[in-house]
Amino acid sequence: MNILQPRDLEILNFIILFGYVKECHLAILCNLSLVQIRRIIRRLEEDGYVKSSKVLASSGNYVFLTALSGKILETKVLNKANLNTLNHDTLLIDLYFYIINNENIHPDLIKTDKQLRKEFGIFRVNTRQRVSDLLIDDKIGIELELSEKPRAKLQEIINTYIINDSIKLVCYFLQSASLLNKIYTLAQNNIKFRFYLFEVDENKRFNKFQQYNGNEFINIDKLNLFELPEIAPKRFGSYQF
């Protein structure tokens, strides 16, 4: 068994952030070609640190940590992908890279839902407690919403953000204009929320964003996530806080 190199640890720790990733994600992380990253993955697989396999016949390979890596890095590992959330999980990693590369946000400022669940001690996915898909600088919530949810569930999520004073901005990313309008209506024009419609190319890379302003969709080149809304202070009687 080879000694883990710094780049090997970078790869393993990145997989921890999301539970599992595609080979192409690791190529982006390490700024390597697919051929180069596959050599590294093959070596790590031979040494028992990762396993690489197709989840769907039409997909590229996904990379998972093994029990050995989980023991070394003291983390819980996923043995398989959840087919119900596979598209969401994959696009979330693509969105993560888009934010880092196009918004010049340092990776250390971004926490994934896996990190947040560990931080808050939430170990069951189906618990009523929930976290953002991504959290930037502990004040910007990112929600990647791809499928319909019951109206009551969506309203519950929105209300949770509204009453959380530590969250200054919530950005919803959607592919469906009808779902965007549904959530926008539930948010009742609250300035804490922004809504983006996106498109991806044949490689599932984000290549077009439109921001909804309540009346129309506007093509944008940058998300400008750190341009936070000016939220009026709360008042209770004659007191302001």
Side-chain angles (χ1 to χ4, degrees), residues 2 4-66 68-70 73 75 77-115 133-136 142-147 171 173-175 196-209 221-223 225:
N2 297 307
L4 288 168
Q5 302 301 315
R7 185 160 59 187
D8 299 336
L9 289 170
E10 180 185 16
I11 289 171
L12 299 183
N13 281 304
F14 182 75
I15 298 173
I16 289 174
L17 296 182
F18 296 97
Y20 54 90
V21 303
K22 295 186 75 172
E23 291 180 339
C24 60
H25 293 140
L26 296 179
I28 297 171
L29 174 72
C30 299
N31 195 25
L32 297 173
S33 69
L34 272 176
V35 172
Q36 291 172 313
I37 199 66
R38 281 168 179 162
R39 290 197 194 104
I40 296 174
I41 293 170
R42 190 180 307 118
R43 172 173 54 79
L44 291 174
E45 193 166 21
E46 290 172 351
D47 287 340
Y49 296 113
V50 303
K51 61 177 181 179
S52 177
S53 61
K54 282 185 177 294
V55 175
L56 298 173
S58 59
S59 72
N61 276 27
Y62 284 79
V63 185
F64 301 78
L65 295 181
T66 63
L68 174 62
S69 288
L73 300 173
T75 187
V77 301
L78 295 177
N79 296 317
K80 60 181 180 179
N82 184 338
L83 295 181
N84 292 326
T85 63
L86 181 65
N87 186 43
H88 175 279
D89 297 343
T90 304
L91 279 176
L92 185 63
I93 305 172
D94 292 323
L95 181 58
Y96 170 91
F97 279 123
Y98 182 93
I99 290 172
I100 289 172
N101 295 326
N102 293 75
E103 299 296 309
N104 296 318
I105 295 176
H106 195 280
D108 288 348
L109 290 178
I110 304 178
K111 295 177 182 177
T112 68
D113 63 334
K114 299 290 188 300
Q115 288 175 286
D133 286 328
L134 298 173
L135 183 63
I136 302 174
I142 301 295
E143 291 289 339
L144 178 62
E145 203 67 73
L146 302 180
S147 58
C171 296
F173 293 86
L174 309 99
Q175 287 181 298
Y196 299 96
L197 201 64
F198 70 87
E199 295 179 9
V200 294
D201 60 22
E202 64 276 6
N203 296 313
K204 298 295 185 180
R205 297 286 187 273
F206 289 80
N207 65 352
K208 182 179 180 180
F209 284 96
D221 296 319
K222 286 187 68 66
L223 303 175
L225 297 178

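The figures that follow rest on heavy atoms only: side chains count, while hydrogens, waters and symmetry mates do not. A quick note: this is a predicted structure, and the numbers were derived from the prediction, not measured.
Side-chain contact between Leu91 and Leu144 is present, with heavy atoms from C-beta onward closer than 4.5 Å. Side-chain contact check for Asp94 versus His25: some heavy-atom pair is nearer than 4.5 Å. Between Ile142 and Leu135 there is no side-chain heavy-atom pair separated by less than 4.5 Å.
No donor-acceptor pair closer than 3.5 Å links the side chain of His88 to the backbone N or O of Thr85. With hydrogens and angles ignored, the 3.5 Å screen pairs no side-chain donor or acceptor of Asn61 with any backbone N or O of Glu23. Side-chain atoms of Glu103 come within 3.5 Å of backbone N or O of Leu223 as a donor-acceptor pair. Side chain of Lys222 to backbone of Asn102: a donor-acceptor contact under 3.5 angstrom is found. In terms of modelled atom types and a separation under 3.5 Å, the side chain of Asn82 and the main chain of Asn84 share a donor-acceptor contact.
With sequence neighbours left out, the side chain to side chain donor-acceptor pair (under 3.5 Å) criterion links Asn87 to no other residue. Scored by the side chain to side chain contact (heavy atoms under 4.5 Å, CB included) test, Ser33 finds Val35, Gln36 as partners (sequence neighbours excluded). With sequence neighbours left out, Glu145 forms a side chain to side chain donor-acceptor pair (under 3.5 Å) with Lys149. The side chain to side chain donor-acceptor pair (under 3.5 Å) check on Thr66 picks up nothing, with sequence neighbours excluded. Taking Arg43 as the reference, Asp8 meet the salt bridge (charged side-chain N to carboxylate O under 4.0 Å, His left out) condition, with sequence neighbours excluded.
Between Gly70 and Val77, the closest heavy-atom pair is CA-CG1, 3.6 Å. Here the closest heavy-atom approach between residue Gln175 and residue Leu146 is recorded as OE1-CD2, 3.7 Å. Considering all non-hydrogen atoms of both residues, Lys111 and Gln115 come closest at CA-OE1, 3.2 Å. Residues Phe64 and Ser53 share a closest heavy-atom pair of CE1-OG, 4.2 Å.
Note that CG of Leu95 is 10.0 Å distant from CD1 of Ile100, once rounded to the nearest 0.5 Å. One distance of note links CD1 of Ile11 with CD1 of Ile41; it measures 6.5 Å at 0.5 Å rounding. The line from CG of Leu26 to CD1 of Ile40 is 9.0 Å long, rounded to the nearest 0.5 Å. One distance of note links CG of Leu109 with CG of Leu134; it measures 12.5 Å at 0.5 Å rounding. Taken to the nearest 0.5 Å, the CZ atom of Arg42 stands 9.5 Å off from the OG atom of Ser52. If you take CD1 on Ile37 and SG on Cys24, they are separated by 10.5 Å, rounding to the nearest 0.5 Å.
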| field | Check against side-chain contact (heavy atoms from CB on, under 4.5 Å), Leu17 and Lys114 | value | CA-CA 6 Å; Leu17 296 182; Lys114 299 290 188 300; over 6 Å; no
- side-chain contact (heavy atoms from CB on, under 4.5 Å) between Leu68 and Tyr49: does it pass, once the steps are laid out? CA-CA 6 Å; Leu68 174 62; Tyr49 296 113; 3.9 Å; yes
*asked:* For a side-chain contact (heavy atoms from CB on, under 4.5 Å) check, start with the C-alpha distance between Ile93 and Thr112, then their side-chain angles and the critical distance, and finish with the verdict.
replied: CA-CA 9 Å; Ile93 305 172; Thr112 68; over 6 Å; no
Go through the steps for Lys22 and Thr90 under the test side-chain contact (heavy atoms from CB on, under 4.5 Å), then give the verdict. CA-CA 8 Å; Lys22 295 186 75 172; Thr90 304; 3.6 Å; yes
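The neighbour count for Asn31 CG, taken as heavy atoms of other residues, nucleotides or ligands under 6.0 Å away, does not exceed 12. A 6.0 Å sphere centred on CG of Asn101 holds more than 12 heavy atoms belonging to other residues, nucleotides or ligands. Within 6.0 Å of atom CZ in Arg7, 12 or fewer heavy atoms from other residues, nucleotides or ligands are found, so the atom counts as exposed in its surroundings.
Between Phe198 and Phe206, the distance from one ring center to the other falls under 6.0 angstrom.
Ion pairing of Glu45 with Lys51 is absent here, as no side-chain N (NZ or NE/NH1/NH2) approaches a carboxylate O to less than 4.0 Å.
Every pair passing side-chain hydrogen bond (donor to acceptor under 3.5 Å, both in side chains) that includes a residue from residues 9-20 is listed here, sequence neighbours excluded: Tyr20-Asp89.
Relative ring orientation between Phe18 and Tyr96 is described as perpendicular, the plane-to-plane angle rising above 60° on a 0-90° scale split at 30° and 60°. Ring geometry, Phe209 versus Tyr196: the interplanar angle exceeds 60°, so the pair is classed perpendicular (tilted spans 30 to 60°).
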